[in-house]
Trainee: 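Pasting in a structure now, in structure tokens, and then I'll have a few things to ask.
Residue numbers run from 1 in the order of the sequence given. Both counts, for ligands and for their atoms, begin at 1 and track the order of listing. What you see is a predicted model, and the numbers here were worked out from it, not measured in a lab. Excluded from the calculations below are hydrogen atoms, water molecules and symmetry mates; all remaining heavy atoms, backbone and side chain alike, are included.
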Amino acid sequence: MIRLGLTGYPLEHSLSPILHTAALRACDLQGVYSLYPVEPDDMKSLKALLDQVRSGELTGLNVTIPHKQNVIQFLDGLTPTAQSMGAVNTIYLKDEKLMGENTDAPGFLADLNSFLLENIALLEKMDGIREKSALILGAGGSARAVAYALAEAGWTITIAARRIEQAHRFANPQMQVTQYDSLHIANLLPSFHLIVNATPVGMFPKTDVSPWMDGLAFPKGAIVYDLIYNPRETLFVQQARAAGLPARTGAGMLVEQAALAFQLWTGQDIPRSIMFDAFNGTGH
Ligand code: NAP
């Protein structure tokens with residue numbers, strides 16, 4: 001019996017149980033994926049939960065806000081990605097060692113690549129650019145994952161943050177940090193080939209707002225990626241498409257990060273369509 005789960009707080013709205021339950025069924029594996037809410041300051045319960053993975057009672061865990069950093073103190077090792085990011089979203093046992101991985105960064109990159117592969121002209125255009133430059137809006141946990149992923153893939157990164165110090169917590173000296181306002185962004189705009197929204201602005205239920213400032217033109221020929229997956233088409237994505245830019249929301253990243261975690265726990269490389277079908281069935 002495979003026992004998987006998610007810890008964090010709060011957890012009610014997570015789609016992970018739906019995605020992983022579909023994957024278990026598709027692989028004909030007997031198992032469950034449960035929610036283990038642990039309050040922000042309750043390190044004793046967090047450690048006790050991780051001990052269940054160590055003892056084999058649980059096969060593996062996903063970790064979300066606010067525990068992505070808290071769990072590190074209880075682990076035996078980190079993968080290079082989790083180490084560099086200083087954040088863990090997947091815990092698994094390897095050679096009796098409790099390991100932490102972060103599948104958000106490779107999940108984002110995998111879906112960005114799928115996006116490009118779906119449009120060969122776009123892919124060729126991107127491949128032809130010598131110094132690819134990305135603007136990331138926001139400086140929270142997902143901005144950190146996106147910045148790490150793009151930097152690994154050779155992109156030049158600019159992070160736009162309303163609290164500059166938040167971006168400096170993870171930005172390396174090669175990354176540029178700028179104030180998140182139209183004045184600062186407008187000055188840098190023409191150079192960007194990719195704009196990523198890593199803020200919750202536009203997420204359900206407040207879907208009538210956009211992280212893109214009023215009156216700001218989109219850079220010509222850029223791509224837009226909005227990490228939000230609810231709704232399926234955000235106002236930001238609508239604005240980008242209306243300006244002629246290819247744009248997509250974050251369902252693909254959600255599926256990729258889940259599939260990579262599932263592979264660590266079960267060894268199964270699940271067809272992404274299984275998780276996409278499960279996601280589509282949620283009505284998001
Ligand atoms: P987070 O850690 O709370 O970070 C959010 C960031 O956005 C912070 O820097 C925050 O700044 C900034 N922000 C919030 N409201 C803003 C506003 N009105 N104007 C400017 N900046 C604002 O959240 P997260 O985990 O990174 O998640 C961000 C979004 O990505 C969420 O919508 C989440 O659902 C989505 N996401 C999607 C996936 C996926 O798989 N597709 C994965 C992870 C996250 P302050 O700290 O100053 O508030």
Trainee: Starting from atom 48 (O) of ligand 1, find the nearest protein heavy-atom neighbour and note its residue, name and distance.
Mentor: Arg162 NH2, 2.8 Å
Trainee: Over 60° means perpendicular and under 30° means parallel, so tell me whether Phe115 and Tyr225 are parallel, tilted or perpendicular.
Mentor: perpendicular
Trainee: Determine yes or no for a side-chain-to-main-chain donor-acceptor pair under 3.5 angstrom, with Asn89 supplying the side chain and Thr103 the backbone.
Mentor: yes
Trainee: Evaluating non-hydrogen atoms only, which member of Ala143, Gly252, Gly140, Gly202 is closest to atom 4 (O) of ligand 1?
Mentor: Gly140
Trainee: Of all the heavy atoms in Ala139, does at least one lie under 4.0 Å from an atom in ligand 1?
Mentor: yes
Trainee: Tell me the closest heavy-atom pair linking Pro246 and Ala222, and the distance in Å.
Mentor: CD-O, 3.5 Å
Trainee: What is the closest protein heavy atom to atom 38 (C) of ligand 1, and at what distance does it sit?
Mentor: Leu227 O, 4.0 Å
Trainee: Where does Ala198 meet ligand 1, judged by heavy-atom distances below 4.0 Å: at the side chain, the backbone, both, or neither?
Mentor: backbone
Trainee: Can you confirm whether something in the protein, heavy atoms only, sits under 4.0 Å from atom 19 (N) of ligand 1?
Mentor: yes
Trainee: For atom 14 (C) of ligand 1, which protein heavy atom lies nearest, and how many Å away is it?
Mentor: Pro200 CD, 3.4 Å
Trainee: Is the contact between Val201 and ligand 1 made by the side chain, the backbone, both, or neither, using heavy atoms and a 4.0 Å cut-off?
Mentor: side chain
Trainee: Check Met1 against Thr59 and note the closest heavy-atom contact, atom names and distance.
Mentor: O-OG1, 4.3 Å
Trainee: Distance to 0.1 Å, residue and atom name: give those for the protein heavy atom nearest to atom 23 (O) of ligand 1.
Mentor: Ile65 CD1, 4.5 Å
Trainee: Give the atoms of ligand 1, by number and element, whose distance to some non-hydrogen atom of Ile228 is under 4.0 Å.
Mentor: 32 (O)
Trainee: Looking only at distance, does Arg163 have an N or O less than 3.5 Å from an N or O of ligand 1?
Mentor: yes
Trainee: Looking at Trp212 and Val237, would you say the former's side chain and the latter's main chain have a donor-acceptor pair under 3.5 Å?
Mentor: no
Trainee: I'd like to know if the side chain of Tyr180 reaches the main chain of Pro211, judged simply by a donor and an acceptor atom lying under 3.5 Å from each other, with no hydrogens or angles considered.
Mentor: yes
Trainee: At what distance is the nearest protein heavy atom to atom 2 (O) of ligand 1, and which residue and atom is it?
Mentor: Gly141 N, 3.0 Å
Trainee: Of all the non-hydrogen atoms in the protein, which one sits nearest to atom 42 (C) of ligand 1, and at what distance?
Mentor: Met253 CE, 3.8 Å
Trainee: Using modelled atom types only, decide if a donor and an acceptor are shared between the side chain of Thr21 and the backbone of Ile18 within a distance under 3.5 Å.
Mentor: no
Trainee: Could you check whether Arg54 pairs with Asp76 (Lys NZ or Arg NE/NH1/NH2 to Asp/Glu carboxylate O, under 4.0 Å)?
Mentor: yes
Trainee: Once you measure the plane-to-plane angle for Tyr229 and Phe279, does it fall in the parallel (<30°), tilted (30-60°) or perpendicular (>60°) bin?
Mentor: perpendicular
Trainee: Nearest heavy-atom pair of Ala147 and Ile157: which atoms, and what distance?
Mentor: O-CD1, 3.9 Å
Trainee: Near Gly250, which atoms of ligand 1 are under 4.0 Å from a heavy atom of that residue?
Mentor: 39 (C), 41 (N)
Trainee: Just going by heavy-atom distances, which of Lys206, His13, Gln166 is nearest to atom 9 (O) of ligand 1?
Mentor: Gln166
Trainee: Could you tell me the residue and atom name of the protein heavy atom closest to atom 33 (C) of ligand 1, and the distance to it rounded to 0.1 Å?
Mentor: Met203 SD, 4.3 Å
Trainee: Would you say Arg241 has more than 12 foreign heavy atoms packed within less than 6.0 Å of its CZ?
Mentor: yes
Trainee: Who's the nearest protein heavy-atom neighbour of atom 21 (N) of ligand 1, and how far?
Mentor: Tyr180 CE1, 3.6 Å
Trainee: Any nitrogen or oxygen of Tyr229, main chain or side chain, under 3.5 Å from a nitrogen or oxygen of ligand 1?
Mentor: no
